[in-house]
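Every chain is numbered from 1 and lettered A, B, ... according to where its sequence line falls, protein lines coming before strand lines.
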Amino acid sequence: DQQVKQNSPSLSVQEGRISILNCDYTNSMFDYFLWYKKYPAEGPTFLISISSIKDKNEDGRFTVFLNKSAKHLSLHIVPSQPGDSAVYFCAASTASNTGKLIFGQGTTLQVKP
Amino acid sequence: EPEVTQTPSHQVTQMGQEVILRCVPISNHLYFYWYRQILGQKVEFLVSFYNNEISEKSEIFDDQFSVERPDGSNFTLKIRSTKLEDSAMYFCAHGGRLWGTDTQYFGPGTRLTVL
C-alpha cells in the first residue's frame, strides 16, 4: 500500500533553472509533509516541511507547495545548483500515530553545470 | 540541527548471527525511531520508541527485532538471527511530535551486510 508516491524516478535540469519534484499521497489523514535530501551511504537530511493548514512554505531557494484537494505536493528549487544533485524523498505523517514518517520512493535529481 | 551518531558505520555478518546497531543522540531525547532502506528502495519505518517503551512497530519489526535503551544514552536495535534480506541501511532518527516538532532528524546510518 503505497500511501506516498513519487512517480518520477529521476529528473535532470540545467544549473540555474528551476527543479520541480512532485509527490502524491492517498491518505487524507496526513497532516504534515516533509522533504528530505539524501546522498548515497548517508542519512536523509531534512530540507523543508509544511503543515496541512498551509499551502506554501518557503526557505531560501526551496519552496514546498501543498494542494490538499489534489493530495499533491511539490518541491521547487530555484535556482538549481550542481550541489543539489541527490535523491529527494517526500514523507508524510499524521497526528493519530506516533509521528512515524511514510516515505515516497524518491526522485534522483541531477543538476548539470 | 540536532545530531545523532550511529555505530558501526558498516557491519558485515553471517546469516543467523546476532547484530546490535547503536544510536547515540548528542543530547537527551525521549523519542526515537528506526528506519531501514534496502538498496534502491524507499526508506521504511521499523519502530518508534518513547520513554523506554515501543510505541509503534511495523510488520517488518517481527520477533527477530528488538530495541532498548540499556544505559539511558545509547539506543540499540538488535536483530537476533539475521537473514539475507536484512541487508540494508539502518537509520536511527529522533524528534517527532512529542518532542515538540514534527521533523525527524536522521543519523548517518549503519550499512548491514548479511552473507
For the pair B:Phe49 and B:Phe75, name the ring-plane relationship: parallel under 30°, tilted 30 to 60°, perpendicular over 60°.
-> tilted
Heavy-atom distance under 4.5 Å to chain A: side chain of B:Ser55, backbone, both or neither?
-> both
Step by step, would you call B:Tyr35 with B:Gln104 a side-chain hydrogen bond (donor to acceptor under 3.5 Å, both in side chains)?
-> CA-CA 11 Å; B:Tyr35 294 82; B:Gln104 292 178 28; 2.8 Å; yes
Counting distance only, does the side-chain N/O of A:Gln6 pair as donor-acceptor with the main-chain N or O of A:Gly106 below 3.5 Å?
-> yes
Relative to the ring of B:Tyr105, is the ring of A:Phe46 parallel (under 30°), tilted (30 to 60°) or perpendicular (over 60°)?
-> perpendicular
Whatever's closer than 4.5 Å to a heavy atom in chain B on A:Leu101 counts as both
Contacting region of A:Ala41 [heavy-atom separation from chain B under 4.5 Å] | both
Between B:Gln37 and chain A, which part of the residue has a heavy atom less than 4.5 Å away: side chain, backbone, both or neither?
-> side chain
